[in-house]
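Remarks on the structure that follows.
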Amino acid sequence: MAVSSRALELRVAECSIYERRGPITLPSPAAHRRRALSRKEHVMSTTDASQIHDLRSALDFLREMPGQLLETDTQVDPDAEVSGVYRHVGAGGTVMRPTKEGPAMVFNNVKGFDDAKVCIGMLASRKRVAALLDLDEEHLGLEIGKRFENLIAPEQIAEGKHVDCQEVVYKATDEGFDLRKIVPAPTNTPVDGGPYITMGLAYGTSPDGSQSDVTIHRFSCVDKDKLAMWITPGSRHLGAFFDEYCQRGEDMPISISIGLDPAVYMCCGFEAPTTPLGFNELQIAGALRGHAVELADCVTVPQKCIADAEYVLEGYLMHDETINEDVNGHGYAMPEFPGYTGGAKVCPVIKITAVTTRTNPIMESCIGPSHEHVSMAGIPTEASIYKMVETAIPGRLLNVHAAPCGGGKFVAIMQFKKSSKNDEGRQRNAAMLAFSAFSELKHVILVDEDVDIFDMSDVMWAMTTRFQADVDLITIPGCHCHVLDPSNDPAFDPTIREHGIACKAIFDCTVPFNLKKNFIRSQFMEIDMDKWAAELAF
């Protein structure tokens, strides 16, 4: 559906996916599941989600879901305007207010790029992710965690089969080659260091060819045939592969696939120990879809890429060349997921050898601090925590939510059920296991089974009425967390030894088992859900 610029504001309002809820309190886990099911039914398209295999089929799916996709023909400037518009439409997360949860958006008219479109916000809603994966919204992490039992490895595309991502080929040796004129990579703010690829899935292999991995990184378009690639120190498997190449004095062949099946993006937020070095996360995407992700051979480098990507950038990660990612001279990189614009870094260089695309390609992008990052990082975080805790303390952890306030990485709310006096204290063991499952986690909030972990007001209610800081706050100082948290720095507190060191904390907002009878919430009448279905759906 195309809209004019004058109609954009009205159409955005129509696309809001917030729902009005009735005043009925349903505190039990079963009630939570019923509510999750009703939400899923509310947004499900008539299209079968099992048919989704790439970005285009995902967009077709959303077109049949009320309020989940906004398309516009109004011309947009990729220089800061794409994100400037989407902040108001539906970015959510830690983006500067005003923002909200809203539809995905497609810009059909991109200034300077006649044949390309830009898609943003595909995963910027937990509800939309659930529909795209055909899973329960409130148990996404748990459901994805279960898929580890039936992994499906990626496969080479069949010989002779059409390779979507190579319908158009631009080689760096072509006269006038300039990736900045081929790839409509947006800048997110006016002070960004340059155009950034934010949804680029890097595919790399160990020097001996025995292991491969995929990871999302940020890539700054610093020149006509060069990208700056920032690798978070010590936290990415491609970084480990690259270190091996550097020790050998060799450049690392790499591909960057952009515009993919949402299942592929959702599998890439897993980290060790859930996915150890050499574990190719595309196996998880295969399990989610029930069939293997197809890979194709790159055109100019000895590497694989995602066969149905909209764009693929091929090249070599140079072992002996670095560059400052800030080509605009402002001193900044781009907005990071905690909500702040990060300082520019000196990064390794990728020397681009080719760009291949589909016909009339769709560039997929993400605002760094948006709910899209929360989905891609947070849901795998939930799955990782659940898998580890369920293995060690089975049956007690009911659910996990990597909350938007932590960008999907820093804060986890854990819903723990104490069934006997012997479970007292196990909730804190579970929190410590969560820190082991995901090392970048900073805060864990423990709540009982009657608390809605997806409603921060309810979580804060539990903290207000079931938490005493002098006995229920457990601090673990001197831990390594994440370098993008600006409070993890000696300048913030001189007791912090190095940048990236933080104090992890557990907020135990659970009721002591022997006092449960004193903390029963007001119980309301259970109503006939069928009788009041129309009113409840309003």
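If you read the sequence from its start, that first residue is 1, and numbering goes on from there.
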What verdict does the side chain to side chain donor-acceptor pair (under 3.5 Å) test give for D297 and Q156, after you've listed the backbone C-alpha separation in whole Å, the side-chain angles of each residue and the deciding distance to 0.1 Å? CA-CA 8 Å; D297 290 325; Q156 180 76 14; 3.3 Å; yes
Apply salt bridge (Lys or Arg N to Asp or Glu O under 4.0 Å) to R126 and E382, showing your working. CA-CA 13 Å; R126 189 181 185 95; E382 295 168 12; 2.8 Å; yes
Show, in sequence, the C-alpha distance, side-chain angles and deciding distance for S57 and Q51, and conclude whether the side chain to side chain donor-acceptor pair (under 3.5 Å) test is met. CA-CA 7 Å; S57 55; Q51 301 303 309; over 6 Å; no
Using the side-chain contact (heavy atoms from CB on, under 4.5 Å) rule, take L179 and Y311 through it: C-alpha gap first, then chi angles, then the decisive distance, then the call. CA-CA 11 Å; L179 69 88; Y311 290 87; over 6 Å; no
Show, in sequence, the C-alpha distance, side-chain angles and deciding distance for E137 and K127, and conclude whether the salt bridge (Lys or Arg N to Asp or Glu O under 4.0 Å) test is met. CA-CA 6 Å; E137 175 190 347; K127 180 177 303 185; 5.1 Å; no
Evaluate side chain to side chain donor-acceptor pair (under 3.5 Å) for Y196 paired with E325, printing each intermediate quantity in order. CA-CA 10 Å; Y196 274 90; E325 61 184 329; 2.9 Å; yes
Stepwise salt bridge (Lys or Arg N to Asp or Glu O under 4.0 Å) check, R63 with D60: CA-CA 5 Å; R63 287 187 179 98; D60 288 342; 2.7 Å; yes
Residues V222, L227; criterion side-chain contact (heavy atoms from CB on, under 4.5 Å); working and verdict: CA-CA 6 Å; V222 295; L227 297 177; 5.8 Å; no
side-chain contact (heavy atoms from CB on, under 4.5 Å) for F410 and L441? Distances and angles first, verdict last. CA-CA 4 Å; F410 292 168; L441 193 61; 5.9 Å; no
Could you check E167 against H162 for side chain to side chain donor-acceptor pair (under 3.5 Å), going step by step and ending with a plain yes or no? CA-CA 9 Å; E167 291 174 342; H162 178 77; 2.8 Å; yes
Test ring pair (Phe, Tyr, Trp, His ring centres under 6.0 Å) on F454 and H401; report intermediate values, then the result. CA-CA 7 Å; F454 298 95; H401 184 208; 4.4 Å; yes
Test side-chain contact (heavy atoms from CB on, under 4.5 Å) on C119 and L59 and set out the steps. CA-CA 9 Å; C119 171; L59 289 172; 4.1 Å; yes
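Remark: the backbone N or O of G92 is paired with a side-chain donor or acceptor of T99 at under 3.5 angstrom. Judged by distance alone, the side chain of Q303 and the main-chain N or O of S255 form no donor-acceptor pair under 3.5 Å. Looking at E372, its side chain never comes within 3.5 Å of a backbone N or O of A91 through a donor-acceptor pair. No donor-acceptor pair under 3.5 Å is formed between the side chain of E143 and the backbone N or O of L135. T94 places a side-chain N or O within donor-acceptor distance of the main-chain N or O of P369, the cut-off being under 3.5 Å. The backbone N or O of E281 sits nowhere less than 3.5 Å from a side-chain atom of T275 that would complete a donor-acceptor pair. Looking at T381, its side chain does come within 3.5 Å of a backbone N or O of G408 through a donor-acceptor pair. Proximity of a side-chain donor or acceptor of S384 to a complementary backbone N or O of A437 within less than 3.5 Å is not detected. Put simply, the side chain of E364 never gets that close to the backbone of I120: no donor and acceptor are under 3.5 Å apart. Between the Y316 side chain and the I350 main chain, no donor and acceptor come within less than 3.5 Å of each other.
Going from atom CD1 of I393 over to atom CG of L433 covers 5.5 Å, rounded to the nearest 0.5 Å. Taken to the nearest 0.5 Å, the CD1 atom of I379 stands 9.5 Å off from the CZ atom of F270. Separation of atoms CD1 (I216) and CD1 (I256) is listed at 12.0 Å; rounding is to 0.5 Å. Between atom CG of residue D452 and atom CD of residue Q415 there is a gap of 8.0 Å, rounded to the nearest 0.5 Å. Rounding to the nearest 0.5 Å places CD of Q68 at 5.5 Å from OG of S125.
The existence of a salt bridge linking E71 and K117 is excluded, since no basic side-chain nitrogen approaches an acidic carboxylate oxygen closer than 4.0 Å. Salt-bridge formation is not detected for the pair E449/K417: no Lys NZ or Arg NE/NH1/NH2 atom is positioned less than 4.0 Å from an Asp or Glu carboxylate oxygen.
Under the side-chain contact (heavy atoms from CB on, under 4.5 Å) rule, P262 has a single partner from V129, L55, D54, I52, which is I52.
The two residues M334 and T198 come nearest to each other via the heavy atoms CE-CG2, 3.6 Å. Closest approach of S257 and C305 over heavy atoms only: OG-CB, 3.8 Å. When all heavy atoms of M456 and A403 are compared, the pair lying nearest together is SD-CB, 4.3 Å. For I385 against A412, the heavy-atom pair with the smallest separation is CD1-CB, 3.9 Å. Across all non-hydrogen atoms, the minimal contact from I152 to G286 is CD1-O, 3.5 Å. The shortest heavy-atom contact between A309 and C165 is O-CB, 3.3 Å.
Judged by the 6.0 Å and 45° rule, K387 forms a cation-pi pair with F148.
Using cut-offs of 30° and 60° on the angle between ring planes, the pair F337 and H373 is parallel.
Looking at E314 and T300, their side chains do bring a donor and an acceptor atom within 3.5 Å of each other. Side chains of N280 and D213: no donor on one and acceptor on the other come within 3.5 Å. Between the side chains of T187 and D192, no donor-acceptor pair of N or O atoms lies under 3.5 Å. For the residue pair T205 and S212, no side-chain donor N or O sits within less than 3.5 Å of a side-chain acceptor on the partner.
Within the 4.5 Å cutoff, the side chain of L62 has heavy atoms near those of the R128 side chain. Residues V444 and F435 are in side-chain contact: their nearest non-hydrogen atoms beyond the backbone lie under 4.5 Å apart. Side-chain contact between F177 and K224: absent, with no pair of heavy atoms (C-beta onward) separated by less than 4.5 Å. Taking the side chain as every heavy atom from C-beta outward, F416 and L398 never approach each other to under 4.5 Å. Between P154 and E294 there is no side-chain heavy-atom pair separated by less than 4.5 Å. Counting heavy atoms from C-beta on, the side chains of R248 and P207 come closer than 4.5 Å. In this structure the side chain of R180 never reaches within 4.5 angstrom of the side chain of I182, judged on heavy atoms. Under the 4.5 Å side-chain criterion, counting only non-hydrogen atoms from C-beta, L317 is not in contact with D251.
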